Amino acid sequence: MSTSTNSRVSFASLTPNNLGTVRKLNSVLFPIRYSDKYYQDILRPEVEEFCQLIYYNDIPVGNICCKLEDKDGEQCLYLMTMGILAPYRSRTLGSQSLQRILDAAASHTKPKITRIYLHVQVSNETAKRFYERHGFKETGVHENYYKRIEPKNAWILERTIEPASK
Amino acid sequence: MSKAQAEQPVLANKEAKLFRELLSHYEEKHLTKGRKTADQILKKHPNHGETLAMKGLILVHLGQREEGKKMVKQGAMLNMKSHIPWHVQALIHKGEKDYDGALRAYKNGLKADKDNINILRDACFLLTHLRKYDELVEYRHRFLQLRPVNRTHWIGLAVAHHLNGNLAEAKNILEWYDKFLKSTPDYDADNSERLLYHVRVLEELGENTEALAFLDKYAQSRYIVHRTSTMEYRARLTTKLKSSDAPDAWRVLIEQNSDCWDYYKGFLSVESIDYDSITDENRAAALKHLNNFSQQYPRATAPRRMALSVATGDDFTNLATAYLSSNIQKGVPSLFVDVKPLYTDPAKAQSIQSIVEKLLEAHNTPPAPPPAENGSASAEPTARLWALYFLAQHHSHLGAYSTALELLDAAMAHTPTLPELYMARARVLKRVGDPYGAARVMNEARLLDGQDRYLNTKCGKYRLRAGLVSEAGEVFGMFTKKDAVSPGADLEEMQSLLYLREEGDAHYRAGRLSQALKKYYAVSNVFDQVENDQYDFHPYSLRRTLLNVYVNTLKWEDSVRSHPAYRHAAVSAARIWVSVYDDPKLAEGPAASDSATSGSDSVKKAKSKAAKKAAQTPAATEKNGTANAQQQNTNEDKGLEPPQAKDEDPEGARLIREERPLERAQKLLAPLWADVARGVWDVETCAVAYDVAVRRERYLEAARALARARSIDAEHPEVHVRTVELKLKVQSLSAPAVSETALAALVESLATALPDELSLETFNSQYLQRHAADGGAVLGAARAARVLQAPLAEVEETVFSALQDGVALKIETALAALAFLRSIESSRADEFRAACDARFELATVFKAPEELERLRKESLGEPVEVKEETLE
């Protein structure tokens, strides 16, 4: 079957109009309900490049959403959510999405972004391995990160961003 | 009068010059200057008719309509020998869409000046508009005699003959014109169109050889420049002439556009294959040709899809497998709609089902694939999704609603972000009688993509179907103009037939007859506008030599009211008028602001919001209104069309109390009579036409309408009930009220359907026996029994028999039966409702009123996430 040859992967920025799709995706992808503030934040213009819907053959199948944080004068990206619907996994969609964010961060100049970090529930080995393949390193464990789901602890994974060479 | 005429002052040089200035001021729309000039003349000659008329015309332009019209009339009375006051009157009538009045004025103008070119020209347009084609020919002729050198006058006469049905004369005129035409440049589009029109006339005359020779001559000499039209004429004419060039002529067209079904049909027709009625004799030949074309044009859909209609048996299975699998692989959302026409053949429907089921199995990847590090993805996941979607629609179409819902569950578990899935689910829920669930799911679809107007419209429509009128308005309002009085007002201005129809129906279902009537009349107004709009094409099309499309447009306009939206509105409004006639209390109706609008709070909120909005924009409405018509100081041109008056009766409360409801119904139905000739006429329309006629005591008309209905479906319940009704009526009629001949004709019209020796009761019970397994007919028999004044218990018993096992009962019929029981104040109505509720498991329309209210509110809710963990 001639499959992956004509399958298309594309991305779209978030708008108030496609936020319903993001909500729908999050509701099936994560065991967590995200607050209204989360949905307001991902619409901010300064994170447009870092909050994207992921399409496979023109169907929304996942999203990747970050926010910008100021830590001791340094700007870093916090990856809040990233997920692909089950039937569309193992097709390098996640890698392509993450790479897109990393590239965007590297070429971001005002302000310059120095690193990116995220939380992974300590039960989720697969996710951890995925991020490690993309250069992330475990820097610690956030005890009792989750309040109501088990296990409560989360790994903190981080990698630095090298500015894109011009 | 002649005395006044004699006194018409002759203008001295100075005033004559001023009058010429006045005319040119008007031409250039210098209205205030024109008025001043007119006043100057009138100072000296206050009774100068022509000046008065011109001043009146200017005043109308300036918004002083009544005063202006009075002045124009005065002018005409003072000088009947001049064409000017008449011309001016005609212009004003035309502005007010009073075309008959305008024509009368033009004719008077021609009496004063029989060779006035301007009046003749305008009169021709009016005659075309009013479809007075024989007079049109006469006027065009006169016009041509006066100005024979003008090209358009010749063509105008030819078109007039054509419209009047005299093709031979049209051909003559075109040939005359052709003869004296000296030279035209190559590639002249106007000339090319004229020549193609000539070919068309020849073709319509059946002079195909001549037409083809003419076409070839002028196409080769490069006078005819429109290539596609030339090729299409050629293909058609060579086919009619059975020329050996015909197949190639079609092949050239297919090469140009390999997705045009008509070209393939044309090609097949050369071999006497009628694609629309394939026989077993020519099936193989047709299939062979279509398959050859499929190979020749690998990217074309048309020959592949057409082959599916032609093929049967194994051929069909093979072709359908290829067609369906490639389209599912590609992810074509409209695939089901595309193949749905094949379902008229149950064998094909079955075959399609097993093909797609097999495809689904092939794509049956487990929901969570093993975390393959090498990423060796196999089948396309989207193909599985589209196969599920297809099968859901398939089962929904065949009435297997639970299966459809299960398939949609599976599809949504696979990919919950595809709006099509929600739309399909909403449609299934609508079909099983759950309009509230349908509205809720359609709203979920809308939330997935807020900028998709299609989803928005569907959501609004489904809310209307669930009786949520103002909530629908909120959704529609996201796309309508923000400064509109209400979303509905904007949609009406944009001539949204869908909106007008659905909101009218929503009001009708809720018993708000006046508001329903208002919307149905708005639909009718849209068609008035479409008819009025064609006026501009009369001058334009001839000037620009757009003859072929122009003639087509006129023909289309003639039947524009056979549009389903008009028919539905006319029939529904006529029904309302009939029920208001039967029970004038209905016109009082529930007050417009009644809580019945749907008791929810949001309604009230929306209402007060709308009221506030309306209050904020008085300036805007006044601008369009008549308010400043009196203001002398505004000098802008307001045109000849009267300004749109503010709607003083937005909820139709006054409309529904108008006198002569039956005549109003008749007026709405009248344009539909034209459809009879075209054979598009359904039982419902006939039935309401009968209802109106019988109440107007036009018994023969009623009998004719009923006979027409009987010719469509003699056993239709609506026909049955009315046959009983009419027979009773005829029995009660006697000679003084109706003439003997009419009575005899009536008796005869009923005789075949209802033999005299048969009692009506027997007639009814025989009907019931014949159709005991058809819910609609059972209800018809119950209604007829009611007409025959059978005991209530017997009528009720008949209605309840529709619930027996083995009786095919549709939800709409059950709803109608429930409404019938309520209308005869049956004490068993609620028992029937509860029984339907049990029978139609998935339906919610049979729930108790308080339950319905809850469901209605729920259908507005957004999906709620139930999760323990919340993250900021």
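To find a chain, count down the sequence lines: A is the first, B the second, and so on, and within it residues start at 1. Values in this document were obtained by computation on a predicted structure and should not be read as measured data.
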(request) Work out which heavy atom in B/H414 is nearest to a heavy atom in A/L85; give both atom names and the distance. (result) O-CD1, 4.3 Å
(message) Let me confirm one number: the OG1-OH distance from B/T417 to A/Y55, rounded to the nearest 0.5 Å.
(response) 8.5 Å
(request) Quick one: pull up CG in B/D449 and OG1 in A/T15 and give me the separation to the nearest 0.5 Å. (result) 8.0 Å
(request) Answer yes or no: are there more than 12 heavy-atom neighbours, outside B/F479 itself, under 6.0 Å from its atom CZ? (result) yes
(message) So, taking the atom named CG in A/L19 and the one named CG in B/L448, what distance separates them when rounded to the nearest 0.5 Å?
(response) 11.0 Å
(request) Return yes when atom CZ of B/R453 has more than 12 non-hydrogen atoms of other residues, nucleotides or ligands closer than 6.0 Å, and no otherwise. (result) yes
(request) To the nearest 0.5 angstrom, please state how far the CE atom of B/M478 sits from the CG atom of A/N17. (result) 9.5 Å
(message) Is A/P60 close to chain B through its backbone or its side chain, or both, or neither, when contacts mean heavy atoms under 4.5 Å?
(response) both
(request) Answer with side chain, backbone, both or neither: which region of A/F130 has an atom nearer than 4.5 Å to a non-hydrogen atom of chain B? (result) neither
(message) Between A/N26 and chain B, with a heavy-atom cut-off of 4.5 Å, which part of the residue counts as in contact: side chain, backbone, both or neither?
(response) backbone
(request) Using a cut-off of under 4.5 Å on heavy-atom pairs, state which of A/G20, A/P16, A/S27 scores highest against chain B. (result) A/S27
(message) I'd like to know which of B/L418, B/L447, B/T382 tops the heavy-atom pair count under 4.5 Å against chain A.
(response) B/T382
(request) Report the distance from atom CD1 of A/I59 to atom CG of B/L385, rounding to the nearest 0.5 Å. (result) 5.0 Å
